[in-house]
Amino acid sequence: MVLPGADGQLAPYRMLAQPLPDAAGPPASSRVAYAAAHVVADPLADNTPGRPARLDWDATLEFRHHLWRHGLGVADAMDTAQRGMGLDWAATAELVRRSATEAATVGGALVCGAGTDQLPPGEHDLAAVLHAYEQQLEVLEDAGAGVVLMASRALAASAAGPADYAEVYGALLEQVRRPVLLHWLGPMFDPALTGYWGSPDLDLATDAFLQIIAAHPDKVDGVKVSLLDADREVALRRRLPEGVRCYTGDDFHYPELILGDGHGYSDALLGVFDPIAAAASAALAALDAGDEDGYRRIFAPTVPLARLVFAEPTFHYKTGIVFLAWLAGHQTHFSMVSGMQSARSLPHLGQLFVLADRAGLLPDPDLAAARMRALLAVAGL
């Protein structure tokens, strides 16, 4: 096979075609692990930019069962599911209800994102932001899903400083029925969230974040940190109140953060676990068995893939996630809500194919090769 490289030149590639064994099994016992799951667009619907999202529900829900079969929890309706990038609130609410129903049939762990994305872009008074959060929170809690309070573009645009974040989050935490996860999504994932928690200075933002948690420790199960800064995450988790978990969202440094050190470890809520579910399941099983060398060996080839999936501009990582699901046979097409399949270049996708093959993440190599050739043919190659 001839593939385009990062330099724009064509070069031959011979597949390794050595997929990992299917690692389906029970949830890990030593760590809590969620995969943030993508959605499958309906290829026959008008999923062009600006149109309401239309999903292939059967394929979307079957992928969640794939994650549960591998012992992973599902983090749904998060940024991996294109929240803020095509998945509107009406489709999100339906996704939450359907995923919760499916989770109940298999005892699968499920958390879902509550945000404010039903509000139009721009500034709003804090009462409107709070009400939008409350509307979404009610849908999630009524469905029986665990809750992730997602970072809000509306709050980022409207808050004057840390006190406004404390007011909104404090009101939410007072009323939640069960402890929730707080989500800190860095601006590399969404530039509209620059300065979240009231300051672009990450040290000051961390202090404000921790003050909110300290005021409501019984209402916070954990924090999901997506800053792609391993040292900062370690420093943050050491300052968390006892009993509050740190869920890494660092798709660059997850093996060492999950493994931890003598002072603690991170649990996981990761977008990269969507395409590497088999490897994640096997690595966590090795960790449960005390086989740290095996854990490192299994995860090692997934890291170059993850770093490319989440390469700048990082907020387009969803394209790579869906592309890999198509290559792996989890869906029949490579089309996305809001037409986001066009957000990455052909050389980028070609290198994802190579790295997925090297990591053993293409369960049917012949199918993956045929689909890659079909994509190249559409591009005139």
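Computed from heavy atoms alone, side chains included, the values below leave out hydrogens, waters and symmetry copies.
A donor and an acceptor atom, one from each side chain of D229 and H253, are nowhere located under 3.5 Å apart. S266 and Y254 share no donor-acceptor pair across their side chains, judged by distance under 3.5 Å alone.
For the pair R344/L352, no side-chain contact is recorded, criterion being any heavy-atom separation below 4.5 Å from C-beta on. I321 has its side chain within reach of V309: a pair of non-hydrogen atoms, C-beta onward, lies under 4.5 Å apart. Using a 4.5 Å heavy-atom threshold, the side chains of L240 and P217 count as separate. The closest side-chain heavy-atom distance from I212 to L173 is below 4.5 Å. Counting heavy atoms from C-beta on, the side chains of S338 and M85 never come closer than 4.5 Å. Side-chain atoms of M150 and Q136, non-hydrogen and from C-beta on, never get closer than 4.5 Å to each other. The closest side-chain heavy-atom distance from L375 to L346 is below 4.5 Å. Within the 4.5 Å cutoff, side-chain heavy atoms of L202 are placed close to those of W184.
Of the possible donor and acceptor atoms, none in the side chain of T60 sits under 3.5 Å from a partner among the backbone N and O of V39. Of the possible polar contacts, one joining the D251 side chain to the V272 backbone as a donor-acceptor pair under 3.5 Å is found. In this structure, the side chain of D288 engages the main chain of S30 through a donor-acceptor pair within 3.5 Å. Using modelled atom types, one side-chain atom of R153 and one backbone atom of G84 make a donor-acceptor pair closer than 3.5 Å. Side-chain atoms of H216 do not come within 3.5 Å of backbone N or O of Y169 as any donor-acceptor pair. The main-chain N or O of F299 is found under 3.5 Å from a side-chain atom of T302 such that the two form a donor-acceptor pair. Put simply, the side chain of D267 gets close to the backbone of V32: a donor and an acceptor are under 3.5 Å apart. The main-chain N or O of G264 is found under 3.5 Å from a side-chain atom of R237 such that the two form a donor-acceptor pair. Side chain of R371 to backbone of W326: a donor-acceptor contact under 3.5 angstrom is found. Using modelled atom types, no side-chain atom of D274 and backbone atom of A277 make a donor-acceptor pair closer than 3.5 Å.
The CG atom of L270 lies 8.0 Å from the OG atom of S226; values are rounded to the nearest 0.5 Å. Separation of atoms CD (E167) and CG (L172) is listed at 10.5 Å; rounding is to 0.5 Å. Between the CG atom of D190 and the CZ atom of F315 there is a distance of 8.5 Å, given to the nearest 0.5 Å. Rounding to the nearest 0.5 Å places CG of L287 at 8.5 Å from CD1 of I258. In this structure, CG on D164 lies 12.0 Å from CG on L130, to the nearest 0.5 angstrom. Rounded to the nearest 0.5 Å, atoms NE2 (H183) and CZ (F189) are 7.5 Å apart.
A salt bridge does not link R98 with E102: none of the charged nitrogens is closer than 4.0 Å to a carboxylate oxygen. At a threshold of 4.0 Å, the pair E141-R177 counts as salt-bridged, since one of the basic side-chain nitrogens sits closer than that to a carboxylate oxygen. At a threshold of 4.0 Å, the pair R51-D88 does not count as salt-bridged, since none of the basic side-chain nitrogens sits closer than that to a carboxylate oxygen. Comment: R239 engages D207 in a salt bridge, judged by a side-chain N to carboxylate O separation of less than 4.0 angstrom. Salt bridge D261/R238: present, at least one basic N to carboxylate O contact under 4.0 Å.
By the 6.0 Å and 45° rule, R31 stacks over the aromatic ring of Y265.
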- request: List the steps, then state whether side-chain contact (heavy atoms from CB on, under 4.5 Å) holds for L284 with L72.
  value: CA-CA 10 Å; L284 291 169; L72 300 173; 4.3 Å; yes

- prompt: Stepwise, does the ring-ring contact (aromatic ring centres under 6.0 Å, His included) test hold for F209 with Y196?
  reply: CA-CA 9 Å; F209 184 44; Y196 213 74; 8.9 Å; no

- request: Given side-chain contact (heavy atoms from CB on, under 4.5 Å), test T332 with D56 step by step and report yes or no.
  value: CA-CA 10 Å; T332 60; D56 179 336; 5.5 Å; no

task: Take M372 and L3 through the side-chain contact (heavy atoms from CB on, under 4.5 Å) test and state the conclusion after the steps.
output: CA-CA 9 Å; M372 189 70 228; L3 294 172; 3.9 Å; yes

message: Using salt bridge (charged side-chain N to carboxylate O under 4.0 Å, His left out), reason through D203 and R232 one step at a time and then give a plain yes or no.
response: CA-CA 9 Å; D203 290 333; R232 186 169 291 280; 3.1 Å; yes

message: Apply side-chain contact (heavy atoms from CB on, under 4.5 Å) to residues V176 and V147 and explain how you reach the verdict.
response: CA-CA 9 Å; V176 294; V147 173; 5.7 Å; no

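In terms of hydrophobic clustering, with Ile, Leu, Val, Met, Phe, Trp and Tyr side chains grouped at heavy-atom distances under 4.5 Å, L327 and L381 are assigned to a common cluster. Put simply, V106 and L110 are part of the same group of oily side chains (I, L, V, M, F, W, Y) that touch within less than 4.5 Å, one to the next. L367 and V354 fall into different hydrophobic clusters, where Ile, Leu, Val, Met, Phe, Trp and Tyr are joined by side-chain heavy atoms under 4.5 Å apart, directly or via other members. Both I213 and V168 are part of a single hydrophobic cluster, where members link through side-chain heavy atoms under 4.5 Å apart. In this structure, V322 is a member of the same hydrophobic cluster as L67, with clusters built from ILVMFWY side-chain heavy atoms closer than 4.5 Å.
Residue L55 is tested with D42, V40, L87 for a side-chain contact (heavy atoms from CB on, under 4.5 Å); the sole match is L87. Only one option out of K318, Q82, Q331 pairs with H38 in a side-chain hydrogen bond (donor to acceptor under 3.5 Å, both in side chains); it is Q331.
The heavy-atom pair separating A205 from W197 by the smallest distance is O-CB, 3.7 Å. In terms of heavy-atom proximity, A154 sits nearest to L119 at CB-CD1, 3.8 Å. Counting all heavy atoms, side chain and backbone alike, Y34 lies closest to A109 at CE2-CB, 4.0 Å. Nearest heavy atom pair, residue L193 against residue A151, reads CD1-CB, 3.7 Å. Scanning both residues, R54 and P52, for their nearest heavy atoms gives NH1-CB, 3.3 Å. Taking every heavy atom of both residues into account, N47 and A41 meet most closely at ND2-CB, 3.7 Å.
Aromatic ring orientation, W68 versus H65: perpendicular (interplanar angle above 60°, classes split at 30° and 60°). Using cut-offs of 30° and 60° on the angle between ring planes, the pair Y13 and F353 is perpendicular. Between F63 and H330, the ring planes lie perpendicular to each other; the angle is over 60°, past the 30° to 60° tilted range.
By the 6.0 Å contact criterion, CG on D125 is enclosed, its count of non-hydrogen atoms from other residues, nucleotides or ligands being greater than 12. Counting heavy atoms of neighbouring residues, nucleotides and ligands inside a 6.0 Å radius, atom CD of Q175 exceeds 12 of them.
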